[in-house]
Q: 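Before I ask anything, here is the structure I am working with.
In what follows, every chain begins at residue 1, and chains take the letters A, B, ... in the order their sequences are listed.
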Protein chains: 2
Amino acid sequence: MSEPIRVLVTGAAGQIAYSLLYSISKGDVFGKDQPITLLLLDIPPMLSILDGVVMELQDCALPLLRAIVATGNEEVAFKDLDIAILVGSMPRKEGMERKDLLKANAAIFESQGKALEKYAKKTVKVLVVGNPANTNCLIAMKFASSIPKENFSCLTRLDHNRARSQVAMRCGVPATYVKNVIIWGNHSSTQYPDVHHCLVKMSGNEVACFDAVKDEAWLKGDFITTVQQRGAAVIKSRKLSSAMSAAKAICDHMRDIWFGTPEGEFISMGVYSTGNPYKVPEDLIYSFPVQIKDKTWKIVEGLAVNDFSRAKMEATATELIEERDTAIAFLAK
Amino acid sequence: MSEPIRVLVTGAAGQIAYSLLYSISKGDVFGKDQPITLLLLDIPPMLSILDGVVMELQDCALPLLRAIVATGNEEVAFKDLDIAILVGSMPRKEGMERKDLLKANAAIFESQGKALEKYAKKTVKVLVVGNPANTNCLIAMKFASSIPKENFSCLTRLDHNRARSQVAMRCGVPATYVKNVIIWGNHSSTQYPDVHHCLVKMSGNEVACFDAVKDEAWLKGDFITTVQQRGAAVIKSRKLSSAMSAAKAICDHMRDIWFGTPEGEFISMGVYSTGNPYKVPEDLIYSFPVQIKDKTWKIVEGLAVNDFSRAKMEATATELIEERDTAIAFLAK
C-alpha cells in the first residue's frame, strides 16, 4: 500500500460533506489501495458538530482512513495537501443581495487561495464546490499563483449527471447508457446543458440524442430548464439543498481527475478558460467538455456549435464576467 | 444481468435512509451486477420530502437503479419484496416514557409484520433498524408467521463496528485488523461488547485482544461503556443521531447476509434465540456472534463464556424479556 494522501474537505460539518466523507474514506474516489489522511475544516461554531462526524467516521471502521484531523485553523487544514475539496461557502440568507453573497465568498476564497499558496503541495488538485463555484474557484486560483491554473476546477458534474439522467429516463435506459452531455458555463441557472453531441445506447447501438428522444421541442425547452432549475426543485421538496447527489458528483469529478475519463467519453467541469477552441472569453472558470488522462484535463476540440448553442454559451459567459468583475472589485477595495 | 430485486427501505425520508439509499443503489450491498427496484415507504407528512430524495437518487445517475417507488401505502411498499430494511420507527420524544415508546412501536411493527405476511415473498430477508430494534424485530416476526423466523434480524452491527474501531484505535491499526468482537444482547445501553474472542493483527500476527491492548481494566471498563454509550455521545456532539455510521453498518449487515461472512470471521447480529448454545433465554431477538453462508446465519458455537461475560449477557437478556413482555401485553389489549 502507498503512503496516505492528504485530502481536505471544507464545510466539513455541513450536509454535503456528511454525504461525501464516507465515500472518500471507503475508497470510492482514490481507489481501494490508497490510504487517506482526512483534513476537515469548518468554522469554529461548527467544531462540536464536526467532532460528532469524526466519531461516526471512526465508527464506520474503514481500513483506508488512517487519520482524521478536524480543525478550524487554515494552516493546519491546508498543510501539504494533495487534494482540496472546497465545499464550504457562505450560503445565501433571506434578504441577502447577490452582491453581498459574492463579496462574502470572495473574501473566503481569497483566504483559502492564500492558504493553498502558502501550505499546500504545488501539485494539489483543487475542486471548488461552494457557490458561486466558478467565481470562487477563480478567486482561489488567483491567490495561489505558484500552483498551476490547471490544478483548479469547479463542480458542474452534478448538472452533468442531472442532464444525463433526464435523457436516460426519457429514453427508458439506465443513466450509463447516455454519454457526452455537456454543461457549458456557470454552475447557475444560466448554465447551458447541451445534448447536440450526446449519444444514447438503444438496443445495442449508439444513437444521437435527438434521434433517441425524438422530441426536439423538449430537448430545447423543458429539458434545459429542468436541469437548470433542478437544484431549486430539490430544495422545494426536500427543504434542504442537494447533498447526496452533490456528494456523488464530487466523487465522480475527483475520481475522473485521479484515474481519467473512459475512452471516447467526455464529462463537464469548470476549468480556466484561456485560448479555448470555442472562443469562450478568457480569464473565467467556465464549464467545458473535457477528457482527462494522467491527471490532466483537456478541453474536447472540434465539436460543432450551432447558433442556438452559441447564444446560450454567450449568455452564461456574460454572467460569469459580471460575477468575476464584481468579486474582483470588492477584493481591490 | 439478473432481474431487479425489490428492496424496501422504511423511514425513507429520514436521515439514516438518506445516507443508506445511495450505497444500496450504487451496488455496495447486493453487488455491481444486481439491478434494484427501490421501494421507499414513509408516513404521509414526509412524502414531499421523499419526492426530493427520489429526485436526488435520479440525479445520481446510477445504472443499477431501475425503478423507484415512493409511497405511504404498505400494500404497495411490501409487495413481492426480496429485502425489507425497516428503518422507520417512532422516535423517543421529550417527556415520553419508555413504555409509551414501546407501545407506539409495537403497533407499527405489528402492522409491518402483517404487511410482510400478506404481500412480501416468503424468502424475504428482513432487517430491523428502528428502535427498540430487537423487540420491534420480534413483533414483526410474530405477525409474519409464514415467513421463516431465520429471515428476520436486527441491527447490532453498528455496535460491532464501534467496538472494532475502539480496539483498532487503541492498538494503532486499521479497523479491519481487528476481528471477532461480539455484541451480545440488546441494541441498547445494556448490550455487552465482548472482546474475549477478538483477534488483532499486529506486525503480521493475530494476537488475542487482551494481549494486544495490554490494558484489562480498560477493556473491562471504559471500552464497554464507550461502546454502549457511543450513540448518545454522537447525538451530544452532532445534535443528530448517527446516520452515516448506521447506514454503513446496515450495508455491512445486509451484504454479509447476501454474500456471506469471510472464512474464520464472525459478526454480530440480533437473531431469534431458540435452543442456542449459550443458554440465552428463548423467544427473544438477541445479538449473537454469527457466521453466514448461502444466505443463512448460524450462531458460532463453542466460545468459552466466563463469569464476567455471563453476568453481562444475562443482564441484557433480562431487559429484552421485559421489553418483549411489555410490548406483547400492549398488543394483547
Side-chain angles (χ1 to χ4, degrees), chain A residues 13 15 18-19 21-23 25-26 28 35 47-66 157-166 168-169 173-178 227 230-231 233-249 252, chain B residues 13 15 18-19 21-23 25-26 28 35 47-66 157-166 168-169 173-178 227 230-231 233-249 252:
Chain A
Q15 59 148 358
Y18 192 71
S19 281
L21 294 172
Y22 170 60
S23 291
S25 305
K26 79 191 266 280
D28 282 354
L47 292 183
S48 152
I49 288 171
L50 193 53
D51 283 344
V53 176
V54 171
M55 280 189 235
E56 285 209 74
L57 282 166
Q58 292 167 344
D59 295 350
C60 284
L62 298 164
L64 295 173
L65 189 53
R66 290 306 158 80
R157 187 61 168 267
L158 176 52
D159 312 297
H160 180 100
N161 286 347
R162 287 166 170 165
R164 199 173 180 181
S165 151
Q166 288 298 318
M169 288 193 288
V173 299
T176 39
Y177 284 25
V178 177
V227 175
R230 184 72 162 180
V234 169
I235 292 176
K236 199 176 163 202
S237 269
R238 212 168 80 79
K239 320 290 177 222
L240 287 169
S241 56
S242 305
M244 174 209 298
S245 53
K248 198 277 182 175
D252 288 347
Chain B
Q15 60 147 357
Y18 192 71
S19 282
L21 295 173
Y22 170 61
S23 291
S25 305
K26 79 191 267 280
D28 282 354
L47 292 183
S48 152
I49 288 171
L50 192 52
D51 283 344
V53 176
V54 171
M55 280 190 239
E56 285 208 75
L57 282 166
Q58 293 166 344
D59 295 349
C60 284
L62 297 163
L64 295 172
L65 190 52
R66 290 305 158 80
R157 187 62 169 267
L158 175 52
D159 312 297
H160 181 100
N161 287 347
R162 286 165 172 167
R164 201 174 177 179
S165 151
Q166 288 297 319
M169 287 192 290
V173 300
T176 40
Y177 285 25
V178 178
V227 175
R230 184 74 163 176
V234 169
I235 291 176
K236 198 174 166 207
S237 269
R238 212 169 79 79
K239 320 291 177 216
L240 286 169
S241 56
S242 305
M244 174 211 296
S245 53
K248 198 278 181 172
D252 288 348

Q: Quick check on B/Ala233 against chain A: is it the side chain, the backbone, both or neither that has a heavy atom closer than 4.5 Å?
A: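 Contact with chain A involves both backbone and side-chain atoms of B/Ala233.
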Q: With a 4.5 angstrom heavy-atom cut-off, which part of A/Leu57 approaches chain B: side chain, backbone, both or neither?
A: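 Looking at A/Leu57, backbone and side chain both touch chain B.
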Q: Could you tell me the separation between the CD atom of A/Gln58 and the CE atom of B/Met169, rounded to the nearest 0.5 Å?
A: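 Answer for the CD-CE pair, A/Gln58 versus B/Met169, is 4.0 Å.
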Q: Measure distances from B/Asp159 to the heavy atoms of chain A and classify the residue's part below 4.5 Å as side chain, backbone, both or neither.
A: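 For B/Asp159, no heavy atom lies under 4.5 Å from chain A.
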Q: Given heavy-atom pairs under 4.5 angstrom as the criterion, report whether the side chain, backbone, both or neither of A/Ser242 touches chain B.
A: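 Backbone plus side chain of A/Ser242, per the 4.5 Å heavy-atom cut-off to chain B.
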Q: Measure the NZ-SG distance between B/Lys248 and A/Cys60 for me, rounded to the nearest 0.5 Å.
A: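 Reported value, rounded in 0.5 Å steps: 6.0 Å.
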Q: Is it true that B/Lys26 and A/Asp28 make a salt bridge, defined as a side-chain N closer than 4.0 Å to a carboxylate O?
A: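 Salt bridge flag = yes for A/Asp28 with B/Lys26.
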Q: Determine the option with the most heavy-atom pairs under 4.5 angstrom with chain A, choosing from B/Val53, B/Val227, B/Val178.
A: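 The answer is B/Val53.
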Q: To the nearest 0.5 Å, how far apart are CG in B/Leu240 and CD in A/Gln15?
A: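 So the gap between those two atoms works out to 11.0 Å.
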Q: Looking only at non-hydrogen atoms, find the nearest pair between A/Tyr18 and B/Met244 and report the distance.
A: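 Smallest interatomic distance, heavy atoms only, reads OH-N, 2.7 Å.
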Q: Any side-chain to backbone donor/acceptor pair from A/Arg230 onto B/Met55? Under 3.5 Å, distance only.
A: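 Yes; judged by distance alone, with no hydrogens or angles, the pair exists.
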Q: Measure the spacing between CG of B/Asp59 and CZ of A/Arg162 and express it to the nearest 0.5 Å.
A: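 Reported to 0.5 Å precision, the distance equals 5.0 Å.
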Q: Rounded to the nearest 0.5 Å, what separates atom OG in B/Ser241 from atom CD in A/Glu56?
A: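 It is 8.0 Å, given to the nearest 0.5 Å.
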Q: Is B/Leu50 in contact with chain A via its backbone, its side chain, both, or neither, using a 4.5 Å heavy-atom distance?
A: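 Nothing of B/Leu50, per the 4.5 Å heavy-atom cut-off to chain A.
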Q: Please classify the contact of B/Ala243 with chain A as side chain, backbone, both or neither, using a heavy-atom distance under 4.5 Å.
A: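 Both parts, heavy atoms under 4.5 Å.
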Q: Any chance you could measure B/Ser237, atom OG, to A/Asp51, atom CG, to the nearest 0.5 Å?
A: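 Output value for this atom pair is 5.0 Å.
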Q: Go through the atoms of B/Ser48 and report whether side chain, backbone, both or neither lie under 4.5 Å from a heavy atom of chain A.
A: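 Both parts, heavy atoms under 4.5 Å.
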Q: Any idea which of A/Ala163, A/Ala246, A/Ala175, A/Pro63 has the most non-hydrogen atom pairs under 4.5 angstrom with chain B?
A: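 Between A/Ala163, A/Ala246, A/Ala175, A/Pro63, the count favours A/Pro63.
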Q: Looking at B/Ala61 and A/Asn161, what are the two nearest heavy atoms and their distance?
A: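 Answer, listing the atom of B/Ala61 first, then A/Asn161: CB-O, 4.0 Å.
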Q: Please tell me if the side chains of A/Tyr22 and B/Ser245 come closer than 4.5 Å, counting only heavy atoms from C-beta onward.
A: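 They are not in side-chain contact.
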Q: What part of B/Leu62 lies closer than 4.5 angstrom to a heavy atom of chain A: side chain, backbone, both or neither?
A: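 Both parts, backbone and side chain.
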Q: Report the option among A/Leu21, A/Ile49, A/Thr176 that has the most heavy-atom pairs separated by less than 4.5 Å from atoms of chain B.
A: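 Ranked by heavy-atom pairs under 4.5 Å with chain B, first place is A/Ile49.
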